Amino acid sequence: MKEEVFVNKTLKGTGVSSGITTGYVYLLERGKISIKKIALKEDQIEKEIWRFKTAIKKAINELNNIKQSIPDDEVRRHTFIIDAHILMLQDDFFSKEVIETLKREKINTEWALDIVVSKFLSSFEGIEDPYLKERGQDLKYIYDRLLRILVKGKTPGIETVNKKAARGIIVAHDLSPADTIQLNLNRISGFVTDVGGRTSHTSIVARALEIPAVVGVSNITSLVKNNDRIIVDGDEGIVIINPTREVQRDYIARQLKLKSLKKELLKIARLKSETRDGFKIKVGANIELLAEMDIVERYGAQGIGLYRTEYIYLSRKTLPTEAEHYHIYRKLAQNKNLEYITIRTLDIGGDKFASQIEMAKEINPAMGLRAIRLCIKEVDLFKTQLKGILRASAYGPLKILIPMVSGVEEVRKTKAIIKECMEELEQKHIDFNRDIKIGIMIEVPATCMISDILAEEVDFFSIGTNDLIQYTLAIDRGNEYVSYLYEPLHPAVLRMIKYVVDVAHNHEIEVAMCGEMAGEALYIPVLVGLGLDEISMNPYSVPRAKKIIRGIEHSYCKDIVSEIMGKESPKDAEYMLRKEMARLFPQDFMKCYDE
Ligand code: PEP
Ligand code: MG
């Protein structure tokens, strides 16, 4: 298959780290290590145990050396993943299992290791939760390192790649976080792998290092050769093998444009988000992991508009304890660069599942027992998280955000549960912020229509357009066949947003938007014109949002809203808006205008 020469072959994977890069393939083929089963005599067992223990020590040394060899402070901050691998290697339970198997079966270390790791990995197989499933991958990285040490004496490092590849793009079956962290960014400009997902540690590291990366491009290692030309588009999750000159030119132009835009945008990341005529709108960040905090600060978000806490539950086998919740939220609360931190309580169900929370199989989970509905049913689970948030609120400006509310009773019940938590903490003389702000997500049409009733109950609203659009326009947000119907400028959606903003302001409470619509640069004049108090988005989108806000006038945005709301068709509204934005920001919207 490798003999075939592809031209312009486009492959789709998952874009896990943003940006475009073009270069030559450096195929990282470490090759599979084949192992043999060797029966041992009684007197060989002690020596074999020593061999295994030495391999463990060597593996720990290799990882420590990798950590120490990283010259860049920025990169070194992410070595906690390597620490996690060291901890796994030091884990007695793991070593004991291998040694026991070796003794019992009287077999060589490699074979015993294979039995134990296969057994551990099989327990990961039935797991639906993608994050937890990925942790099986960490075990595979360790297994691979130990095997290479046992068979070859050491793990070939990525240093050789760094030396050989000139502006190379690594194509590998998989890369471990340790590999990724060692990439010499002066030589390697991106990577593509056969396997992997968005929540893998390798992907997290790639985002932190800002290297364009696409994973899960099945079979790419068998389709490319060393020195093939390749384009990696980490935003679209696209890889193009041997692009034609025309395609290359197009991508290089896009890459250069993106680079210079990013440079320019980072300069304004810390500037105020205020329109030319003085209207202030907060620009916050949406995060899923604490590890994203560096990016949040670098890209200039004022606060966290949405912390999706379900990822705390997705990353483990057992439920998080109150103390664990508390430590995570306290870290956020103590960050002096953030003006506010909005912690959304568990939003599990729908398209997100956690293996430890038993849930009935539902025919239509998006409309089932999810988010606040589940939390009210599983009060203990809910209280554990709420008490963690409350305790951390003593350290900084935390707010509580309740997802998927559909009626006033849910809000009252939630407030009663929060009150109960406060009383329990008071009895134990534990400090917390009694005036912590409590808000709700507006993501169900009914909630929007009764927002006047709900505004009496809470301190703020946050509009979740991902779900609001799904439920308003009856389009499953994960269904590619109806994705063309996903139109944020649909008059029904715009009228709802306007209604909620007006109701909130009449009741003197703040209203934010944290769905994807808020991070789309195109829509920002509309959101400013509608009068939202905050927009919260993917941290990388913050500087561009600020650029647009700082380049327009509030009065102009209000006129845009009147005009857009007069359009019957979302397509007409979108066309008008694109044309306007291309006129105002030719550097950012030229391409859209050309289309
Ligand atoms: C939303 O629905 O817009 C939202 C922000 O929540 P999530 O995407 O996590 O459902
Ligand atoms: Mg939602």
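Start at 1 and go down the list; that is how both ligands and their atoms are numbered. The first residue in the sequence is number 1, and the count goes up from there. On a predicted model such as this, the values are computed, not experimentally measured, just so you know.
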S.K.: A cation-pi test, strictly: NZ or CZ of K437 under 6.0 Å from the centre of the six-membered ring of F460 and no more than 45 degrees from its axis. Yes or no?
M.R.: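 Checked: cation-pi criterion not met.
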S.K.: Which of the numbered atoms in ligand 1 are under 4.0 angstrom from any heavy atom belonging to M441?
M.R.: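 Per the distance check, 4 (C), 5 (C), 6 (O).
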S.K.: Looking at E510 and K282, is there a salt bridge between them, counting it only when a charged N and a carboxylate O are closer than 4.0 Å?
M.R.: yes
S.K.: Are any of the N/O atoms on E310, whether in the backbone or the side chain, positioned under 3.5 angstrom from an N/O atom of ligand 1?
M.R.: no
S.K.: I want to know if ligand 1 touches T465 in the polar sense, i.e. an N/O pair below 3.5 angstrom.
M.R.: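 T465 vs ligand 1: N/O contact under 3.5 Å present.
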S.K.: Please check if any side-chain donor atom of N337 sits under 3.5 Å from a side-chain acceptor atom of Q302, or the reverse.
M.R.: no
S.K.: For the Mg ion (ligand 2), decide whether D467 has an N, O or S atom at a distance under 2.8 Å.
M.R.: yes
S.K.: If you measure from each heavy atom of R344 to ligand 1, is any distance below 4.0 Å?
M.R.: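 Yes, that is the case, since the closest heavy atom of the residue is under 4.0 Å from the ligand.
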S.K.: More than 12 heavy atoms of other residues, nucleotides or ligands under 6.0 Å from NZ of K12: yes or no?
M.R.: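 More than 12 heavy atoms, drawn from other residues, nucleotides or ligands, come within 6.0 Å of this atom.
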S.K.: Starting from the Mg ion (ligand 2), look over the N/O/S atoms of E443 and name the nearest one.
M.R.: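 Among the N, O or S atoms of E443, the one closest to the Mg ion (ligand 2) is OE1.
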S.K.: Which of the atoms of ligand 1 are close to D467, meaning less than 4.0 Å from one of its heavy atoms?
M.R.: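 Answer, ordered by atom number: 1 (C), 2 (O), 3 (O), 10 (O).
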S.K.: Which ligand 1 atoms does L306 reach within 4.0 Å, using its non-hydrogen atoms?
M.R.: 5 (C)
